[in-house]
Amino acid sequence: MTTPSDETSPTENSDEMELRERWTRPENVSVLGMVREALEQRGDWRGILREWSTPWSTDNDLGGIPLAGADLTRADLRGVYLSYADLRGCRLIECDLSDAFLTGADLGEAQLMNASLSRTNAGLADFTAADLSGAQADDCVLSRTRLVGATLNGASLRRAKLIGTDLAHADLTDADLRSAVLISAKTDGTVMTNARLDGVRRGSLRP
């Protein structure tokens with residue numbers, strides 16, 4: 001899990017704790033099992049959330065859910081709220097996460113090859129050693145996100161916001177970063193062979 005920075009507010013920490021804790025309550029364990037099974041089998045997980053109304057406000061709310069190692073290949077997760085979810089090692093190959101919320105989610109070593117992350121908000125998320133080869137992440141928010149050692153070969157990150165993002169030792173070979181914002185991004189050891197960098201904004205947040 002990403003270690004909260006000094007800039008992380010107490011509210012953000014309490015939100016994370018609340019979202020994660022609700023899935024671990026004994027009375028909710030069976031619901032978690034049903035939701036995970038439905039997600040992996042492409043079943044009606046939204047229906048499960050609708051029937052179980054407390055504490056959910058919508059059938060899109062999977063915030064904080066522990067799904068480490070789940071196979072969600074080609075799953076339709078458009079617009080789904082997955083903030084602070086545990087998605088470590090998940091298979092999200094060709095998964096549609098367009099417009100989803102992945103704030104603070106842990107996707108370490110996840111497989112997101114050819115996944116759609118267009119307009120996804122993944123600020124503060126952890127993609128350490130994840131494989132995002134061929135991912136479509138145009139207009140994605142990746143501010144203060146960890147992409148250390150991640151593979152983004154051929155990924156499209158046009159107009160993506162990577163403000164304060166840690167890209168150390170990431171591989172962006174043949175990636176499309178046109179008009180992306182890399183202000184205060186860490187790029188030690190980052191590979192950008194043949195990457196498209198037209199219109200990229202660089203610099204520091206500090207004067």
Side-chain angles (χ1 to χ4, degrees), residues 1-40 45-46 48-50 52-72 75-92 95-112 115-132 135 137 140-150 160-166:
M1 175 62 202
T2 303
T3 302
S5 71
D6 293 338
E7 297 177 2
T8 302
S9 71
T11 299
E12 288 174 329
N13 287 331
S14 61
D15 287 347
E16 176 181 357
M17 292 176 62
E18 181 179 352
L19 287 170
R20 288 178 176 270
E21 188 272 336
R22 62 184 181 174
W23 293 103
T24 65
R25 296 172 191 160
E27 66 270 24
N28 297 340
V29 171
S30 61
V31 176
L32 170 59
M34 289 188 292
V35 170
R36 177 167 180 149
E37 181 179 3
L39 281 164
E40 292 193 305
W45 59 271
R46 296 176 189 274
I48 296 171
L49 292 188
R50 282 194 297 270
W52 185 55
S53 58
T54 304
W56 316 112
S57 57
T58 73
D59 63 4
N60 257 4
D61 187 355
L62 294 175
I65 190 169
L67 290 173
D71 186 351
L72 305 178
D76 183 356
L77 296 171
R78 287 174 293 177
V80 175
Y81 184 76
L82 283 159
S83 293
Y84 303 109
D86 183 356
L87 300 169
R88 291 172 296 168
C90 277
R91 289 175 59 85
L92 292 155
C95 182
D96 193 344
L97 287 155
S98 303
D99 300 298
F101 294 87
L102 288 166
T103 308
D106 192 339
L107 293 111
E109 300 184 349
Q111 299 177 47
L112 294 118
S116 178
L117 293 155
S118 299
R119 300 172 304 280
T120 296
N121 188 337
L124 295 171
D126 191 341
F127 289 87
T128 298
D131 191 340
L132 294 102
C140 181
V141 176
L142 292 164
S143 298
R144 294 167 62 196
T145 297
R146 284 179 60 81
L147 284 157
V148 178
K161 294 179 176 62
L162 296 107
I163 301 169
T165 301
D166 193 344

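Since the model is a prediction, treat every value here as computed from it, not as a measurement.
- Annotation for Leu102 and Leu82: closest pair CD2-CB, 3.7 Å, computed over non-hydrogen atoms.
- The nearest pair of heavy atoms linking Phe127 to Ala122 is CE1-CB, 4.0 Å.
- Here the CZ atom belonging to Arg88 is positioned 10.0 Å from the CG atom belonging to Asp126, to the nearest 0.5 angstrom.
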Exercise. Can you check side-chain contact (heavy atoms from CB on, under 4.5 Å) on Asp86 and Arg20, steps first, answer last?
Worked result: CA-CA 9 Å; Asp86 183 356; Arg20 288 178 176 270; 4.1 Å; yes

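- Residues satisfying the side-chain hydrogen bond (donor to acceptor under 3.5 Å, both in side chains) criterion with Asn121, sequence neighbours excluded, are absent altogether.
- Each of Thr103, Leu124, Asp166, Leu162 was compared with Arg144 under the side-chain contact (heavy atoms from CB on, under 4.5 Å) criterion, and only Leu124 meets it.
- One finds the OG atom of Ser118 at 10.5 Å from the CG atom of Leu97 (value rounded to the nearest 0.5 Å).
- Taking the side chain as every heavy atom from C-beta outward, Leu39 and Leu77 approach each other to under 4.5 Å.
- Using a distance-only test at 3.5 Å, with no hydrogens or angles considered, no donor-acceptor pair links the side chain of Trp45 to the main chain of Met34.
- In this structure, the side chains of Asp61 and Arg22 come closer than 4.5 Å at one or more pairs of heavy atoms.
- Taking both residues in full, the closest heavy atoms of Thr24 and Val29 are given as O-CG2, 4.5 Å, listed atom of the first, atom of the second, then distance.
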Exercise. Where do Leu142 and Leu117 land on the side-chain contact (heavy atoms from CB on, under 4.5 Å) test, with the steps shown first?
Worked result: CA-CA 11 Å; Leu142 292 164; Leu117 293 155; over 6 Å; no

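- Closest of all the heavy-atom pairs between Ser116 and Ser98 is OG-OG, 2.7 Å.
- Between the NZ atom of Lys161 and the OG1 atom of Thr145 there is a distance of 12.5 Å, given to the nearest 0.5 Å.
- The minimum heavy-atom distance linking Ala85 with Leu62 is given by the pair CB-O, 4.3 Å.
- Using a 4.0 Å cut-off between a side-chain N of Lys or Arg and a carboxylate O of Asp or Glu, Arg78 and Asp99 do not qualify as a salt bridge.
- Rounding to the nearest 0.5 angstrom, the gap separating the CD atom in Glu16 from the CG atom in Asp106 is 9.5 Å.
- Contact record, Ala125 with Leu107: CB-CD1, 4.5 Å, taken as the closest heavy-atom pair.
- Sparse packing is recorded around CD of Glu109, with 12 or fewer heavy atoms of other residues, nucleotides or ligands lying under 6.0 Å away.
- Looking at residues two or more places apart in sequence or on another chain, you find a side-chain hydrogen bond (donor to acceptor under 3.5 Å, both in side chains) between Glu21 and Arg25.
- Distance CD1/Ile65 to CG/Leu19: 11.0 Å, rounded to 0.5 Å.
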